[in-house]
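See below for the structure under consideration.
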Amino acid sequence: MTKNAEVARVLKEIGLFLEFEGKEPFKVKAYQRAVRSISALGEDVANLADRDDLTSIPGVGKGIAEVIKSYLTTGNVGVLDELRTRVPIKIMELDAIPGVGIKTIKLVYEKLGVTDLESLEKAANEDKLSKLPGLGLKTQDQIIEGIQVARSGLSRTLLADALSIATDIETQLRKLHEINQLVFAGSIRRRRETIGDIDILVEATDPKQVMSTFVTLRDVSSVSAHGETKSSVRLSSGIQVDLRVLPKDGFGAGLQYFTGNVDHNVKLRAIAQKKGLRLNEYGLFRGEDKIAGTDESGIYKTLGLDFIPPELREDKGEIEAAQNGQLPHLIELKDIRGDLHSHTDQSDGKNTIEEMLDAAQMKGYEYYCVSDHTQSLTIANGMDESRLLQRIEEIDTLNASGRWKMKILKGAEVDILSEGSLDIKDEVLSQLDLVTVSIHSRMKDNKKTMTERVCHALESKYVHILGHPTGRLLLKRSEFEIDLDAVFESAKQNNVVMELNAHPQRLDLNAGNLRAATRMGLKIAINTDAHWTTELDHMQFGVYQARRGWLTKNDVINTYPLKKMMSTIKK
Ligand code: DGT
Ligand code: CA
Ligand code: CA
Ligand code: ZN
């Protein structure tokens, strides 16, 4: 596992304390920038430290580099200890609450002595927040809701993070020659958006050896079970990992059982019973005879079902479809031919257009759309019309240069304004190949206003895609209030494609939304919205989510060859 997340956390905490003290705004900005850079770093920050190359990271100067080195070598940072002593509050815990920032933290600390989530909750429940200057009842309610979100966030982990942790454990365990098979089960295998705990299954010649290695892995902070077939540990990152050792002739049955989900398993067991069979984690039995269980596909087959991809195993109709030979042929990563939403340093992206194009070309894409923010998003340095026109010319030149084999599409991520109008004139929009519109402001509009705003934007003759349609940030911010049925209806009328944003923290639309959209005949675009070259890798998470939404290749426009894709979005 890379040290990036841990280091980013330490720097974030220092930045928050500095902001709280309000003395050195420049330093605060530098820390914030460093946190963003390191969270998105393509390699382990520890490697950069070894090479003495930390200052090549955007935002990292000599001072922050020293902090990082100190943390990596000693696990301690002097400045942070001092800050914690000077300001005795759990600043990370409070900052993790949606709707709570440093301003509020300072206020409740100074007026009410709030130092952590517990004391904040108590103050809110005693109606003390609403009486503070500038807060009010509405904010107090939002904070109460935010505390719930923060609590649930503490207990779950984004799929992308869990997968990288699980993969690191796999790498360490695979060094043992005793291991014959190792797979991830549970919600990771089903590619849920967030993960409760990591489930790993192993088949091995020496289970004892595997278990003792597992409970002593370098990131283990505590061991809650250490047995011959099952062990559970908690890692320093806070996530729990369950490891089970299964026998070879029951590996498929165990894999099926521990992949879940529970509802899927219950229904499967009932089907077995109806056939006079018995299904459990050890196998599929007729009387005392085991008739399936070595491999997972054998279990489904013997029960008269087509093989059900793990992403569908939620008891949402997949079992019936498998009985009737009607499972969808799910989209795969290799079907993707291009990315239709990406940023560069023209707005808030971190790489130049050339760097992004080089990285996209490495993916073997046939087309790639550059779609920076537009002018009303000032914090993202959005483009006004004249900059956008320059960009259009620039892309014409880049296409003509022949340096990239793929077609570079001229795009923009245009802001939807308060009434649903767009912040770029039609005569400029008409010169773009592909226009995505998104909500980035007034996210607290009520349902009716928000729905009307979005639907109105989709009516524009020049709009092709609705970007991140619900605006949620997993474990952080709930979706905005919006009537998605009405939005889908409007999209249908106006031939607008819905974006499935592949960023691991967004992944809107969710699986149910995706099924509803395609049932209405809408098309989907799976886009990374990359702000860094390494974020182009997020495409895989979009594809996982698409599979959970039962999408086939035909539902997704960026699996189409260029000509077909362009004619599909044509107005
Ligand atoms: P999570 O960890 O909350 O993200 O979700 P899962 O699905 O990984 O849940 P977990 O780790 O509690 O259990 C892993 C799988 O084991 C679960 O998906 C199905 C199976 N399983 C666990 N408990 C039961 C049970 O009581 N009955 C049945 N049929 N299966 C179970
Ligand atoms: Ca689990
Ligand atoms: Ca588990
Ligand atoms: Zn956006």
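Counting starts at 1 for both ligands and their atoms, following the listed order.
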Subject >> Identity of the N, O or S atom of D242 lying closest to the Ca ion (ligand 3) >> reply: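 Result: OD2.
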Original post:
For D199, what is the atom name of its N, O or S atom nearest to the Ca ion (ligand 3)?
Top reply: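 The closest N, O or S atom of D199 to the Ca ion (ligand 3) is OD1.
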**OP:** May I ask whether D242 has any heavy atom positioned less than 4.0 angstrom from an atom of ligand 1?
**Re:**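 So D242 does not count as touching ligand 1.
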Subject >> Close approach of V266 to ligand 1, heavy atoms, under 4.0 angstrom >> reply: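 For ligand 1, residue contact (heavy atoms, under 4.0 Å) with V266 is absent.
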Subject >> D197 atom (N/O/S) at minimal separation from the Ca ion (ligand 2) >> reply: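 Per the distance ranking, D197 contributes OD1 as its closest N/O/S atom to the Ca ion (ligand 2).
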**OP:** Report the C-alpha distance between F184 and T167 in whole Å, list the side-chain angles of each, state the deciding distance to 0.1 Å, and finish with yes or no for side chain to side chain contact (heavy atoms under 4.5 Å, CB included).
**Re:** CA-CA 9 Å; F184 305 147; T167 305; 4.1 Å; yes
Original post:
Is it true that E296 and K301 have a side-chain N and a carboxylate O under 4.0 angstrom from each other?
Top reply: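 A salt bridge is absent here (no side-chain N lies under 4.0 Å from a carboxylate O).
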Could you list the atoms of ligand 1 found under 4.0 angstrom from a heavy atom of [X]?
X	value
G196	1 (P), 2 (O), 3 (O), 4 (O)
R190	7 (O), 18 (O)
I195	4 (O)
G186	8 (O)

Got the closest protein heavy atom to [atom], with its distance?
atom	value
atom 25 (C) of ligand 1	Y257 OH, 3.6 Å
atom 15 (C) of ligand 1	F258 O, 3.2 Å
atom 23 (N) of ligand 1	V262 CG2, 4.3 Å
atom 17 (C) of ligand 1	G260 CA, 4.0 Å
atom 29 (N) of ligand 1	R269 NH2, 2.7 Å

Original post:
Under 4.0 Å from atom 4 (O) of ligand 1, is there any protein heavy atom?
Top reply: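 It does: a protein heavy atom is found less than 4.0 Å away from atom 4 (O) of ligand 1.
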Original post:
Could any protein non-hydrogen atom be found less than 4.0 Å from atom 12 (O) of ligand 1?
Top reply: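 Under 4.0 Å from atom 12 (O) of ligand 1, zero protein heavy atoms found.
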Subject >> Distance under 6.0 Å and angle within 45° of ring axis: R244 vs F258 >> reply: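 Geometry flag: set, cation within 6.0 Å and 45°.
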Original post:
Does F285 have R278 sitting over its ring (NZ/CZ under 6.0 Å from centre, angle to axis within 45°)?
Top reply: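 Yes, a cation-pi geometry holds between R278 and F285.
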Subject >> Test of ring centre spacing under 6.0 Å for H468 and H440 >> reply: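 H468 vs H440: aromatic centres under 6.0 Å.
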Original post:
So H343 and H531, would you call those rings parallel, tilted or perpendicular, with 30° and 60° as cut-offs?
Top reply: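 If you compare the ring of H343 with that of H531, the planes turn out parallel.
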**OP:** Return yes when atom CZ of R477 has more than 12 non-hydrogen atoms of other residues, nucleotides or ligands closer than 6.0 Å, and no otherwise.
**Re:**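 Buried by this count: over 12 neighbours within 6.0 Å.
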Contact check: [X] vs ligand 1, nitrogen or oxygen atoms, below 3.5 angstrom:
X	answer
S187	yes
R156	yes
D197	yes

**OP:** Decide yes or no for R192 and R156: does some side-chain heavy atom of the first lie under 4.5 Å from some side-chain heavy atom of the second?
**Re:**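 With C-beta onward as the side chain, the pair touches.
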Original post:
Of all heavy-atom pairs between V241 and I200, which one has the smallest distance, and what is that distance?
Top reply: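 V241 and I200 have their closest heavy atoms at CG1-CD1, 4.0 Å.
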Original post:
For atom 10 (P) of ligand 1, which of N265, D199, N261, T259 has the closest heavy atom?
Top reply: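 Checking each option, the heavy atom nearest atom 10 (P) of ligand 1 is found in D199.
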